[in-house]
Each structure stands twice: as structure tokens, then as C-alpha cells.
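Have a look at the structure below before the remarks.
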Amino acid sequence: MRLQVLGGYGGESSGCRMTCLLINGSVALDAGSLSQALTIEQQVDVHSILLTHSHMDHTNSLPFFIENVYGKSDRPIDIHASEATVYAIRKYLFNNATWPDFTRLPNHLLPAVRFVEFQSETPLSIDGVTFTPIPVDHLVPTHGFLIEQDGAAILWSSDTGPTQRFWEVANRTPNLKAVCIDTSFDNSLQQIADVSFHLTPQTLEAELRKLKRKVPVLLHHLKPPCIEKIHEEVRRLGNPDIGFLEQGREYRF
Ligand SMILES: [Zn+2]
Ligand SMILES: [Zn+2]
């Protein structure tokens, strides 16, 4: 499995793109930076997008990505998401006021975009990769994903505060190669992290006590103003299994 980190951050600034992973060049997890990170030719190869939740740092490139690839494929773009996320995207993004409703363009029979609803913990298979949505704890209904191909599994949290099911899945998956988990704010912003359902290095440390096995733990979704402090606070944890999911890097599992 080839995993490219197109956007590794929970906000945007020079050098920081918003949350977006690309699996095997064709399936995107979240759409925070599809149009910013890929050429038009590379964007045309992306035919499926799985959304973890409706927040803008995970969806903001959808309008421009869809415009870039419009008419360049004979099949619609599949956007896989939960019922709550589909509802929010339809109501607040593709509502013709914010952006045209591409599920009805050029017409509703041959649309440019198609929503496909997924259910918690029901695996879906795309191009030989299995994605299982795992509910996590965030401000709005949100899923992380267990991503599996050829005997390798990666567990990716998306946005979450302290959570339970995610760690149960990590502990019961024998071929787990890495866990990717939210660490959005530094410890001085604990109160903001708590009310917005994100982790800091100190709540990450408590969360990792729920992980009963030794696998690399890759942190993602850092808020750009917090990057330096988070790195320092994580270094002080002294846990050699913890690293950072690096934007621009390609991982193979
Ligand atoms: Zn986010
Ligand atoms: Zn969010």
C-alpha cells in the first residue's frame, strides 16, 4: 500500500496544507488539499474520496478539485461519507449558494459527483483496499479508518479527542503497521483542545496507555501556530515509538 501525505495539518499556512491522504494514487482520504497538492493530471486519477467529517480543513478543496476534473472522466467521482457528513456537505457546500451542486451537473442522471453513504464498522472495498470506518470522538459525527491491503493495516484517526473504540480496533488488528492520531494543540491550549475534541501531547500520552501493543504512532493534524511547541512537548514525552506523519512524504506498508 502506497500512502502519500498531501496535507498533514489541521490548518493552513505557508508550507502547511490541510488534511488529505492519497492511497495508491487514486483514493483520497479527506479533501483538505487535493487541488493544492496535485497537478491536474494527478487529480484526474483520483476517482474516490472518503470523508471523515464535514469540517472545512477536511473538505475545502472539493469544489476546486471537482471543477478541475469535470468532464475528464466517463464516471462520476464517488464521495464516500456518513449520512451526517453527506447531509452537511449537501446543505452547506454544494447548495448552489456556496458552490454549484455537482451531484446534479451536468444533469442528475450523469452527475459529476455521487455520494455513497457508509456505515460505522462496515468495510468498503475500493481498488483492492479495504476501508473500515471507525467512530471517533469529535465535535461532529466523525470516523477514522482502518485501511488494509495485502496483509498490512494502518489505523488513521482523523480528528478526535479522547476516544475508545479506535484503540480497541488497534489492539485487535494483528497486522497493524502504524497508528496515525490527532495532536492538534500544544498543552497550553488544553482547554481549547477539550472543547473542540482534539488531543494535545499530554492527552495523547494518556490515550497511548490504551494501546496494548508496540507500533509506530504518527501524529498529524497539528495546528500551524502550535507546531514548534507540540514538537518540543512530544520530544519531552521520551517515547521512541512516536513520530510525525510528514507532509509530502510517501509511505509504503
Ligand atoms: Zn480537522
Ligand atoms: Zn474537525
Side-chain angles (χ1 to χ4, degrees), residues 3-23 28-37 49-65 79-94 98 118 120 131 133-145 147 154-166 179-187 189-201 203-204 207 217-227 229-231 234 244-248:
L3 185 157
Q4 292 168 263
V5 184
L6 304 185
Y9 295 93
E12 191 171 53
S13 184
S14 175
C16 297
R17 291 192 294 261
M18 293 188 273
T19 307
C20 195
L21 303 182
L22 189 61
I23 309 294
L29 283 185
D30 279 339
S33 49
L34 271 176
S35 52
Q36 298 94 328
I49 299 169
L50 290 86
L51 296 179
T52 62
H53 65 303
S54 57
H55 281 160
M56 272 190 73
D57 52 324
H58 302 253
T59 58
N60 86 93
S61 72
L62 275 178
F64 316 110
F65 161 75
I79 299 181
H80 299 263
S82 68
E83 182 182 5
T85 301
V86 170
Y87 175 83
I89 300 285
R90 281 191 190 280
K91 184 169 185 187
Y92 300 113
L93 185 58
F94 297 137
T98 308
F118 61 60
S120 291
F131 299 88
I134 309 297
V136 291
D137 289 86
H138 190 42
L139 266 183
V140 294
T142 301
H143 291 83
F145 286 98
I147 311 159
I154 309 298
L155 188 58
W156 182 61
S157 71
S158 186
D159 292 9
T160 190
T163 193
Q164 193 58 40
R165 185 64 184 146
F166 182 81
V179 169
C180 307
I181 182 88
D182 174 316
T183 306
S184 294
F185 295 102
D186 63 76
N187 291 337
L189 297 174
Q190 187 63 55
Q191 198 179 1
I192 292 173
D194 289 344
V195 297
S196 59
F197 291 80
H198 286 293
L199 297 175
T200 62
T203 43
L204 167 74
E207 284 298 287
V217 175
L218 302 173
L219 310 184
H220 70 92
H221 201 271
L222 284 64
K223 297 289 183 182
C226 303
I227 292 172
K229 277 189 173 178
I230 291 173
H231 276 261
V234 167
F244 291 87
L245 197 64
E246 293 176 37
Q247 180 183 289

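Counting starts at 1 for both ligands and their atoms, following the listed order. Keep in mind it's a predicted model, so treat the numbers as computed, not measured.
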Fill in the blank from the handout: Of all the N, O or S atoms in His55, the one nearest to the Zn ion (ligand 2) is ND1
Problem - His198 backbone or side-chain N/O/S under 2.8 Å from the Zn ion (ligand 1) - result: no
Completion exercise
Between the NE2 atom in His221 and the OG atom in Ser157, the distance rounded to the nearest 0.5 Å is 9.0 Å
Exercise for the section: Specify whether an N/O/S atom of His58 falls short of 2.8 Å from the Zn ion (ligand 2). Expected result: no
Exercise for the section: Can you label the angle between the Phe244 ring and the His231 ring as parallel, tilted or perpendicular, going by 30° and 60°? Expected result: parallel
Problem - Check: Trp156 and Thr19 side chains under 4.5 Å, non-hydrogen atoms - result: yes
Exercise for the section: Would you check if Thr163 and Glu207 make a side-chain contact, meaning some heavy-atom pair closer than 4.5 Å? Expected result: yes
Practice task
Please note down the angle at the Zn ion (ligand 1) between OD2 of Asp57 and NE2 of His221, to the nearest 10°.
Solution key: 90°
Practice task
For the Zn ion (ligand 1), find the closest N/O/S atom belonging to Asp159 and write down its atom name.
Solution key: OD2
Problem - Metal site the Zn ion (ligand 1): N/O/S of His53 inside 2.8 Å - result: no
Exercise for the section: Taking the six-membered ring for Trp and the full ring for Phe, Tyr or His, determine whether the centres of His143 and His80 are under 6.0 Å apart. Expected result: no
